Amino acid sequence: YAPETLVPALTRLAENVYRYLDDDDFMAHLDSQLRGWVGRPTPLTLAAGLGKRWGAEVYLKREDLAHTGAHKINNALGQALLAREMGAKQVIAETGAGQHGVATAAACARVGIPCTVYMGAVDIQRQAPNVDRMYQLGAKVVAVETGDRTLRAAIDEAFRNWVADPEGSYYLLGSAVGPHPYPYLVQRLQSVIGTEAREQMLNIAGELPDLAVACVGGGSNAIGLFHPMLADDSVEFLGVEAGGHGPGLGDNSATLAAGKPGVLHGSYSVLLYDGDGQIQDTHSISAGLDYPGVGPEHSLLKTIGRVSYVTATDESALSALQECCAVEGILSALESAHAFAGAREWAQQNPGKRILIGLSGRGDKDMPTLSQHIPSPLVATGDAA
Amino acid sequence: YAPETLVPALTRLAENVYRYLDDDDFMAHLDSQLRGWVGRPTPLTLAAGLGKRWGAEVYLKREDLAHTGAHKINNALGQALLAREMGAKQVIAETGAGQHGVATAAACARVGIPCTVYMGAVDIQRQAPNVDRMYQLGAKVVAVETGDRTLRAAIDEAFRNWVADPEGSYYLLGSAVGPHPYPYLVQRLQSVIGTEAREQMLNIAGELPDLAVACVGGGSNAIGLFHPMLADDSVEFLGVEAGGHGPGLGDNSATLAAGKPGVLHGSYSVLLYDGDGQIQDTHSISAGLDYPGVGPEHSLLKTIGRVSYVTATDESALSALQECCAVEGILSALESAHAFAGAREWAQQNPGKRILIGLSGRGDKDMPTLSQHIPSPLVATGDAA
Amino acid sequence: MTETPSPRDRISDALRTANADGKVGLIPFITAGYPDKDVFVDTLKAIACEGDVVEVGVPFSDPMADGVTIQRSSHAAIAAGVSLQWILDELKAAGDIGAPIVLMSYLNPLLAFGFDELAEKSAAAGVCGFIVPDLPWEESESFRHSLDSKGLALVQLVTPVTPDARLELLCKGSQGFVYAVTITGITGGDVALPPEVTNYLDQVNSHTELPVCAGFGVRHAEQVDNLGKHASGVIVGSALVERLEAGDDPAAFLASLRA
Amino acid sequence: MTETPSPRDRISDALRTANADGKVGLIPFITAGYPDKDVFVDTLKAIACEGDVVEVGVPFSDPMADGVTIQRSSHAAIAAGVSLQWILDELKAAGDIGAPIVLMSYLNPLLAFGFDELAEKSAAAGVCGFIVPDLPWEESESFRHSLDSKGLALVQLVTPVTPDARLELLCKGSQGFVYAVTITGITGGDVALPPEVTNYLDQVNSHTELPVCAGFGVRHAEQVDNLGKHASGVIVGSALVERLEAGDDPAAFLASLRA
């Protein structure tokens, strides 16, 4: 479902994906960079404090400790290395929360390819710290003033620019969405999360989890965590979408909960759109989940019933974030906080279970938003002698 | 050289330091938290891009990937666990760049002790993102409006408050300074950096480095990196202090380069002070190095000639930071950038050597400062059809 | 007795008629209901007098293959309440506007409408075919099946980067005409065609008997004249929409292109 | 012929004389040269009329054991150019002010001056002893050695958290008087002494023949009166500095405390 201009480029990309992702040298080099530069394997943390409060055994897969602060780097590094192999002159990318933009900027600097990041003007406002990080890492950042001026408009714009130079540019897509082979490519590169987590659960907890939980926007961190365990029948899966203000159309980004099959950004999947087929403006407190579509593999996993999908509201995500800060000393991204909120609710209904939560990124980037919602009283040295 | 009020508390602390740091159970628990929560071992990164530019073989010890983004967490976690063992009702801490404050807030949340962080009002301005992170992690932050309103005033204030309740409060000092046993305690807790780096150099590079480099403010990251390799005669060591605007008194924080023996914050070491014994106001672009003293072990290592100490100016640190961003895709803290600047200069004088750089923290917190010094041109989607 | 031509043949016939008259085929494009819903049909009729085939854009929220002019017009039209249903209602009420109509739409509004119902209502409204920029050949079977039942065209797009084998496939599969996209627009000042463009158009022509129409940034009569040597027709999109935005007479502008 | 008492004995003698007169010893504290350098010696003489021993604060940039009043006065004095050298020069020029003088200083200004030279010049200026809040007993030998040569006191501080064995050590080692710091200041409204304070003071007294002076937040005559039952003297610091800041007569305030 991609414009004809991109078909040859996508075909060429698919050929290279199949070639390099099965190439031992390429994969060994990727692995060494993941270890030496990204900091993999990321730890598995026993969250005893949350476990005690929830009546569960809780483990966190710590993508917040990966270089640049989120799981996005796994994909960005893999694709940047692929772009270099394919001889790309420049990389273009979109970003929502800015994490993929920062990851791409860092990966491109490390690999040695110039990069341009398209980012919605609204997201630039609410994720300002990440914009500055991209600059420092040498990326050109383009503010997208069209459409809804968030992630969706940034993807529109990135595609539009890729159309203008499909051979010289490599489009480094950040989530498990878009036309084939992107959903497959992103799933492959993110599966390192679940592969590590599975092994760590066996080593540290001694058993696989009863439930694996992750937040779902486009769905790359969720598919990365889930995919390597889908064959483990004892494991249940929970994807948590952004419930925003509530269930009304436009009030959330809960694609799988409220969407219908449709076509956007080159892929046929579940989407939020109105009766005329116009894509719905979405809302979430977390920029990274503020997207009206979802990766096609999640549509499939929902259809076959292998993964359950629920929503968490802005409010419950905020309270889960604060709980994790207070009890575990870990400041999670607002995106990941949705996974905590979903896990907490599931734990109440299923006491005494072993829960693995995908902590997809750190919350430093969310400070502007968090400061608005959670007041920060500053105390000064007073006059008391 | 501590006030008499603190002598019993320091004596008790020293007893507990000797007891717990040699207790297998305590150390095993600390180690498991360092692995599972902090994300240790942090990686050793081969920085091929910098190596090529400098004519050297460059490795980076990646404390920027530790939880909360800097080496400070090694010490904060260890002391928070110690505070809990000692039955402390609350933890107090000072912070300069905010990294130690964030680390302490996180460690105290994880360990379950309330904490108050004293931070100079000037530093609160220039390290705003870290202030918000401390709040989110549940710390009470007190803006210190007295003295020079930076790290030094914050330490004054933290001591002052410790004096008011030396039994119920645990003072969690953040650098290898202060009265005994702090310099020893901090060195022991930070030595995990050098112990890991030493083993990683042998495994990855096959040999120990010719030079190990670290920035020196109070000197905790440097002593942590250096200490476990001091017995390796083949290794040279370089500590890089903040050269600020230049060599004039008050223009820098280059204590070892320009200071004299003196007493501040309970320890006898090298200090920057004037002819009347008044402690000198210092300057560095990096809040974490902006301190007029230095850990006593560094004074000793300088005196016996085991470690060389040089300075890097604000300007050379900024350019080194940009170089590391551009070539390695790693945004280093301004503090650590001084180590890069020092390493770069040493490499020019000593071609073809193997250099280990202590990358003590990430630069996200420095965005307000960096944005001032390095302009960020924003491009918007234009009118070109 | 002559058989009534199918809607898709009406498109090719109109372009061939223009060529037979010694003229380059002209396909003006407007975004439906933009900039003023009330004069949509009037505008359509006006440009149908000067154009041989009329292309009507169904506005979409995420026009990812279009430039800023079409983006702007699409978002404004949606905001004004323009929908596929509204367009079909207007066209049906208008009756014959004087030229075959092709709808340009991204896929999602068509999916939301339902393919079979769409084919039926489009045929009833006098629509002769569709251009769908995000529907590649491989994924178009279901939609083509619906269109076939009413004799409606699904115009295929080809591009300068389309490999030769695929070019042949798309040219064979196209109906009504072949839409030859170029990436690098011809700017106003440069009226000569670079050899890679003429080669590309000649190559497309070699694969099809259908008229080949070039989607360039056409703004001047000299461009139309030069393109006419290598293509059966030209599509005039952004330039026309900009004239409408400026309140200029669209027919006069179109007439000037073939003067 | 009576031997001239050593400077350190002059301190104890002054306090004992007060006690012998049925009065609590009074040690007023001022930060040198604050709030006005020009009247330093005059102020000193004025408070020496009312006090038995005078404590002069050498301003330091980082007074980490002091509250905000002393911090503020220290920074202002440094900014006005007050240094240890200036203080000694002023005292020497002033001659006998009417009471023994004790200098309170953090260690670094003393280190910077040089211990031996300091002892010599202090003795020459009429200084009788030193209080150094950041110089614990264990690290004080070198300084004590210098002071001993001139018979100057190094007053030791003890606190409520000082363990008994250490209390004995410090009381034995102190000279001039023993400075009993309390942590919880007595607030203005509460003039009764809590039992833990009286117990503490009694315990300090049990370890020494020297006068024991209490460093409380003394602001009222009732406090002085109550303290006098358990201590030889009281130190009046912040409250006095605040009076000076407000432009009040320091002597009148001090007189009111023993009224």
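The structure presented is a predicted model; accordingly, all values stated were derived computationally and were not measured. Quick note on labels: first sequence line is chain A, next is B, and so on, each numbered from 1.
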Working to the nearest 0.5 angstrom, can you tell me the gap between [X] [atom1] and [Y] [atom2]?
X	Y	atom1	atom2	value
D:H75	B:D148	NE2	CG	8.0 Å
D:L157	B:T5	CG	OG1	7.5 Å
B:Y268	D:L107	OH	CG	9.0 Å
B:D156	D:Q71	CG	CD	7.5 Å

Checklist entry - With side chains defined as the heavy atoms from C-beta onward, is the minimum distance between B:E4 and D:P133 less than 4.5 Å? => result no

Checklist entry - Is the shortest heavy-atom distance from the side chain of D:S61 to the side chain of B:Q280 under 4.5 Å? => result no

Non-hydrogen atoms of chain B under 4.5 Å away: do they reach the side chain of [X], the backbone, both or neither?
X	result
D:L84	neither
D:E139	both
D:V158	backbone
D:F60	both

Taking everything shown except [X] itself, do over 12 heavy atoms lie less than 6.0 Å from its [atom1]?
X	atom1	value
D:K92	NZ	no
D:K37	NZ	yes
D:E138	CD	yes

Please check this pair: side chain of [X] against backbone of [Y], looking for a donor-acceptor N/O pair closer than 3.5 Å.
X	Y	answer
D:S83	B:D276	no
B:R160	D:P63	yes
D:D134	B:G266	no
B:Q278	D:P59	yes
D:N108	B:G277	yes

Portion of [X] that has a non-hydrogen atom of chain D nearer than 4.5 angstrom:
X	answer
B:Y1	both
B:V263	both
B:I155	neither

Checklist entry - Of the non-hydrogen atoms in B:G275 and D:A112, which two are nearest, and what is the gap between them? => result O-CB, 4.0 Å

Checklist outcome for this item: Scanning both residues in full, the closest heavy-atom pair of D:L111 with B:G262 reads CD1-CA, 3.8 Å

Checklist entry - Is any side-chain N of the basic residue among B:R152 and D:D62 closer than 4.0 Å to the acidic one's carboxylate O? => result yes

Next on the checklist: Only pairs of heavy atoms separated by less than 4.5 Å count here; which of D:I78, D:L110, D:V58 has the most with chain B?
Outcome noted: D:I78

